[in-house]
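Everything on this sheet refers to the single structure shown next.
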Number of protein chains: 2
Amino acid sequence: MAEPLDPRMFDPVCPSSAMPIQIGDKWTAMIVLCLEGGRRRFNEIRVPLRGITPKVLTQTLRAMERDGLVTRTAYDENPPRVEYELTELGRSLLTLIAAARAWSEHHLPALLEAREAHGPASASSRWSRGTESGSPQGRGPSFR
Amino acid sequence: MAEPLDPRMFDPVCPSSAMPIQIGDKWTAMIVLCLEGGRRRFNEIRVPLRGITPKVLTQTLRAMERDGLVTRTAYDENPPRVEYELTELGRSLLTLIAAARAWSEHHLPALLEAREAHGPASASSRWSRGTESGSPQGRGPSFR
DNA sequence: GATACTGGTTACCTCAAAGATACCGGGATA
DNA sequence: TATCCCGGTATCTTTGAGGTAACCAGTATC
């Protein structure tokens, strides 16, 4: 819990960019993984989620709080300090995420291979990035 | 395989409308479930997926075919006949879908309860429908 | 001749999620 | 006085999945 989050925790070049599995909205699963090791502060979570804007992080966390997946604790200090922590319910998503990762590990290569074999030119729709730029947009990095 | 698909296979009022899990795009998981029992024809699949337009079904099936999840077999008959069947890879998604359903069964009530308790008025964003109409739009029916 | 059937295709539109950018309050620190 | 820090807000723009509606080929049937 004390250790800082690895900025490379989610690899933007990771093949699971193409993974056909999504938990919650775009960032939810990654946030759950960020909080797996214990409570984290707002800007702490932003680090591995490179590119997430504060607006989007706020609204995702608010939705997760509303759904009982995380708790938000604001300390009346200065500068302000807010900590987010997984609830039991949020923690229950970890097994599901693990299942998704397991599927990915076993079957994603086959999917990617099929995609490449089927239409090398037209394969640039849907889950893969349209352009060949490595910019962290598109569907964004998924959990690996 | 011979039995027709149940039009009520996917309940539009099903609580998993709010389920935070998605496999592929909006319809992929439901199509996988439609094909679980064997090969099916285009218009056969449309029945339980009430409201899906041929355009969207076509593009979803094409994407699934490209990714090696289904095979498409067109018979040179008249009127035309086309059959879709799960591949081994597509079939491998069934365990993942089962995991998602299991999570739903165990934890979705708690999520819904938290959502209702937290902001009865503001609960109309994200995974729930914006309007209160029962129209089959929004995130659409998920698998139950 | 008109209609139906199957499995689509095409053009157009809508709407919500997400991103870009800028700004804020208020105490601590220089 | 000025700047930094933290945890956000406010506003605008983009984007792309998905929906609506119309049309198609080719045969068969009414």
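The chains referred to below are lettered A, B, ... by the order of the sequence lines, with proteins before strands, and numbering in each begins at 1.
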**Message:** Reading DNA chain C from 5' onward, which residue's closest nucleotide shows up sooner: A/P54 or B/R72?
**Reply:**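 Of the two residues, B/R72 wins.
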**Request:** Please tell me if the side chains of B/E83 and B/Y75 come closer than 4.5 Å, counting only heavy atoms from C-beta onward.
**Result:**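 In contact.
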**Asked** Are A/R72 and A/Y84 close enough that some pair of their side-chain heavy atoms sits under 4.5 Å apart?
**Response**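 Side-chain contact under 4.5 Å: yes.
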Between [options], which one does the side chain of [X] approach most closely?
{"X": "A/F42", "options": "D/dG8, D/dC6, C/dG8", "answer": "D/dG8"}
{"X": "B/D25", "options": "D/dG8, C/dT9, D/dG18", "answer": "D/dG18"}
{"X": "A/W27", "options": "D/dG19, C/dG25, C/dG19", "answer": "C/dG19"}
{"X": "B/Q59", "options": "D/dC6, C/dT9, D/dG18", "answer": "D/dG18"}
{"X": "B/P79", "options": "C/dG8, C/dC5, D/dC6", "answer": "C/dC5"}
{"X": "A/K55", "options": "C/dA20, D/dG8, D/dG18", "answer": "C/dA20"}

**Message:** Is A/R41 close enough to D/dG7 that one of its side-chain N or O atoms is under 4.0 Å from OP1 or OP2 there?
**Reply:**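 Affirmative; the distance criterion is met.
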Take the protein atom [atom1] of [X] and the nucleotide atom [atom2] of [N], then report the distance between them rounded to whole Å.
{"X": "B/N43", "N": "C/dG8", "atom1": "CG", "atom2": "C1'", "value": "9 Å"}
{"X": "A/N78", "N": "D/dC4", "atom1": "CG", "atom2": "C1'", "value": "11 Å"}
{"X": "A/R81", "N": "D/dG7", "atom1": "CZ", "atom2": "P", "value": "9 Å"}
{"X": "A/E77", "N": "D/dC6", "atom1": "CD", "atom2": "P", "value": "12 Å"}
{"X": "A/Q22", "N": "C/dA17", "atom1": "CD", "atom2": "P", "value": "12 Å"}
{"X": "A/R62", "N": "C/dA17", "atom1": "CZ", "atom2": "C1'", "value": "18 Å"}
{"X": "A/I52", "N": "C/dG19", "atom1": "CD1", "atom2": "P", "value": "7 Å"}
{"X": "B/K26", "N": "C/dC15", "atom1": "NZ", "atom2": "C1'", "value": "12 Å"}

Please report the shortest heavy-atom distance between [X] and [Y], naming the atom on each side.
{"X": "A/Q22", "Y": "A/K26", "answer": "NE2-N, 3.3 Å"}
{"X": "A/T60", "Y": "A/I31", "answer": "CG2-CD1, 3.7 Å"}
{"X": "B/W27", "Y": "B/R50", "answer": "CH2-O, 4.4 Å"}

**Request:** Could you tell me whether B/Y75 contacts a base, only the sugar-phosphate backbone, or nothing, with contacts defined as non-hydrogen atoms closer than 4.0 Å?
**Result:**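 Contact class for B/Y75: none.
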**Asked** Counting any heavy atom closer than 4.0 Å, what does B/R46 reach on the DNA or RNA strands: base, sugar-phosphate only, or nothing?
**Response**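 Touches nothing.
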